[in-house]
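Encoded as structure tokens, the structure appears first; notes follow it.
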Amino acid sequence: MRLKPEGIWILEEHDDEGTKNITLELLSEGQKLARRLNEQLCVCLLGSQVGGCIPTLTQYGAEKIYLVEHELLSECSLDAYAFVLGELIKEYDPYILMMGATPSGSELAPRIAARFKLPCITEAKNITGQEENLQITKSAYNDQVYITIDPLARRPLIVTMPPGETDIIEPNKPREVEVIKKNVEIPADIMRTKRKRIIKGDPRTIRLEEADIIVSLGRGAGNESLPILQELADALGASIGGSRGAVDDGIIKFERQIGISGKTVTPRLLIACGISGAREFTAGMENSNLVAAVNIDQKARIFDYANLCIKGDLRMIIPQVIDKIQIAKQKREKGQVLGLDTKS
Ligand SMILES: Cc1cc2nc3c(=O)[nH]c(=O)nc-3n(C[C@H](O)[C@H](O)[C@H](O)COP(=O)(O)OP(=O)(O)OC[C@H]3O[C@@H](n4cnc5c(N)ncnc54)[C@H](O)[C@@H]3O)c2cc1C
């Protein structure tokens with residue numbers, strides 16, 4: 001180990017579509033931290049054939065990338081991840097290691113901390129202060145209280161942050177950065193578990209913050225449109241969320257409210273139906289990857305946040321959208337039977 005721990009490290013997370021939003025959020029937070037502490041912002045990129053993620057990581061501020069590719073990392077085996085991360089920590093001794101408070105980050109962080117007897121703070125909201133007086137604030141009891149924690153002196157410090165806590169910065173152009181490619185032998189006997197299959201959670205009941213697609217209802221949807229919007233959600237494998245207007249009108253429950261006094265969400269796609277787009281609502285969804293909005297009012301503020309703006313009555317539009325989805329699904333199924341390209 002070096003004399004002094006160095007670098008703000010981010011553990012990258014990806015899926016078939018590339019680097020996940022949580023990593024971009026951590027990079028955005030990590031940039032501020034790295035600047036304040038005068039540290040380098042580094043990313044641990046672990047997986048199998050993940051080199052394609054490097055340009056995105058550099059666009060969002062990565063200054064150095066530790067790349068480990070191994071077939072055992074392709075299945076996101078946490079035993080393999082924990083082993084490889086441990087090897088990197090032993091060799092490079094980072095100052096802070098940040099992960100998403102995601103299913104894998106939430107398991108990995110305490111494992112690493114226990115192995116090296118390190119401080120570990122989960123579900124952090126923010127990290128403030130300088131090197132000698134770092135403070136981490138985390139929420140407890142469903143945001144009823146906030147706790148400020150002094151991580152004391154031992155480093156590296158392990159921190160997990162929940163998705164949706166940080167605004168994603170504007171990306172720069174991809175640039176050349178130092179990529180340290182490591183070959184790590186993963187001993188067979190460290191594999192204590194093997195993932196056999198993945199069963200997708202029911203979008204009707206999963207936590208809204210974890211939803212990949214959200215159909216979001218507003219007061220304009222009214223109670224009478226709930227069945228058709230649920231049908232849209234089912235067709236897309238989406239979860240239902242909504243505005244405070246929808247909660248106040250009894251269309252959805254408070255646990256499904258998006259916004260400053262509700263949940264912060266970062267789905268791949270959010271479809272806003274009958275929502276005006278008050279700032280208290282948009283504060284909770286503005287980091288969504290893609291937004292489609294349906295509203296009868298051309299001047300609705302939600303359109304400022306939408307990639308696809310549909311002006312019209314949702315009661316007319318949504319049934320047509322569902323028809324199109326069903327047709328596309330049928331075409332895709334036929335394509336699979338005939339062995340055609342099913343991605344188009
Ligand atoms: C302290 C505080 C905290 C708050 N926190 C939150 C929060 O966390 N989340 C939140 O959402 N709000 C929050 N609010 C409330 C917020 O200010 C708005 O009042 C709320 O977001 C409005 O909800 P809405 O867009 O569903 O309703 P409205 O503003 O009433 O908008 C309804 C929209 O539906 C459209 N519409 C009507 N009929 C149709 C139709 N048939 N087809 C298509 N479009 C149609 C209308 O044109 C309109 O734009 C908060 C307010 C305060 C003061």
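Remember, it's 1-based here, ligands and their atoms both numbered in the order they're listed. Every value quoted in this text rests on a predicted model; they were computed, and no experiment measured them.
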Next item on the list: Give the residue and atom name of whichever protein heavy atom lies nearest to atom 21 (O) of ligand 1, and the separation in Å to one decimal.
Entry: Ala278 CB, 3.7 Å

Next item on the list: Return yes when at least one protein heavy atom is under 4.0 Å from atom 14 (N) of ligand 1, and no when none is.
Entry: yes

Next item on the list: Take Glu25 and Lys32, measure what salt bridge (charged side-chain N to carboxylate O under 4.0 Å, His left out) needs, and give me the verdict at the end.
Entry: CA-CA 11 Å; Glu25 290 173 26; Lys32 287 186 256 166; over 6 Å; no

Notebook entry, point to check: Any protein heavy atom lying closer than 4.0 Å to atom 1 (C) of ligand 1?
Noted result: no

Next item on the list: Answer with yes or no whether the side chains of Arg301 and Ser276 bring together a donor and an acceptor at under 3.5 Å.
Entry: no

Next item on the list: Between Met285, Lys263, Glu280, flag the one that comes closest to atom 53 (C) of ligand 1 by a heavy atom.
Entry: Glu280

Next item on the list: Within a distance under 4.0 Å of any heavy atom of Asp313, pick out the atoms of ligand 1 and give their elements.
Entry: 40 (C), 41 (N), 42 (N)

Margin query: Checking the side chain of Ser28 only, and the main-chain atoms of Leu24 only, is there a donor and an acceptor separated by less than 3.5 Å?
Written below: yes

Check: Quick one: nearest non-hydrogen protein atom to atom 26 (O) of ligand 1, plus distance?
Finding: Ser243 OG, 2.5 Å

Note to self: I'd like to know if the side chain of Thr160 reaches the main chain of Glu123, judged simply by a donor and an acceptor atom lying under 3.5 Å from each other, with no hydrogens or angles considered.
What the structure shows: yes

Check: Where is the nearest protein heavy atom to atom 34 (O) of ligand 1: which residue, which atom, and how far?
Finding: Gly274 O, 3.0 Å

Checklist line | Shortest protein contact, atom 37 (C) of ligand 1 (heavy atom only) | finding: Gly220 CA, 3.4 Å

Next item on the list: State whether Asp93 and Arg155 are salt-bridged, where the test is any N-O pair (Lys NZ or Arg NE/NH1/NH2 against Asp/Glu carboxylate O) under 4.0 Å.
Entry: no

Next item on the list: Verify, without hydrogens or angle tests, whether Asn295 (side chain) and Lys311 (backbone) share a donor-acceptor contact under 3.5 angstrom.
Entry: no

Notebook entry, point to check: With a cut-off of 4.0 Å, which atoms of ligand 1 are near a heavy atom of Ile258?
Noted result: 7 (C), 8 (O), 9 (N), 10 (C), 11 (O)

Item checked: N-O pairing of Lys182 and Glu91 below 4.0 Å -> yes

Checklist line | Protein contact to atom 45 (C) of ligand 1 [nearest heavy atom, distance to 0.1 Å] | finding: Ile296 CG1, 3.4 Å

Next item on the list: Note the single closest protein heavy atom to atom 4 (C) of ligand 1, along with its residue, its atom name and the distance in Å.
Entry: Arg244 NH1, 3.0 Å

Item checked: Gly218 N/O to ligand 1 N/O under 3.5 Å -> no

Checklist line | For atom 7 (C) of ligand 1, closest protein heavy-atom neighbour | finding: Gln257 NE2, 3.0 Å

Margin query: Between Ser74 (side chain only) and Ser48 (backbone N and O only), is there a donor and an acceptor less than 3.5 Å apart?
Written below: no

Check: Nearest protein heavy-atom contact for atom 46 (C) of ligand 1: which residue, which atom, what distance?
Finding: Asn295 OD1, 3.5 Å

Checklist line | N or O pair under 3.5 Å between Gly242 and ligand 1 | finding: no

Note to self: Tell me if the aromatic rings of Trp9 and Tyr66 count as close, with their centers under 6.0 Å from one another.
What the structure shows: yes

Next item on the list: Enumerate the atoms of ligand 1 whose separation from the nearest heavy atom of Ser261 is less than 4.0 angstrom.
Entry: 3 (C), 4 (C), 5 (N), 6 (C), 7 (C), 8 (O)

Notebook entry, point to check: Is the shortest distance from a heavy atom of Gly312 to ligand 1 less than 4.0 Å?
Noted result: yes

Check: Is there a heavy atom of Gly262 sitting under 4.0 angstrom from any atom of ligand 1?
Finding: yes

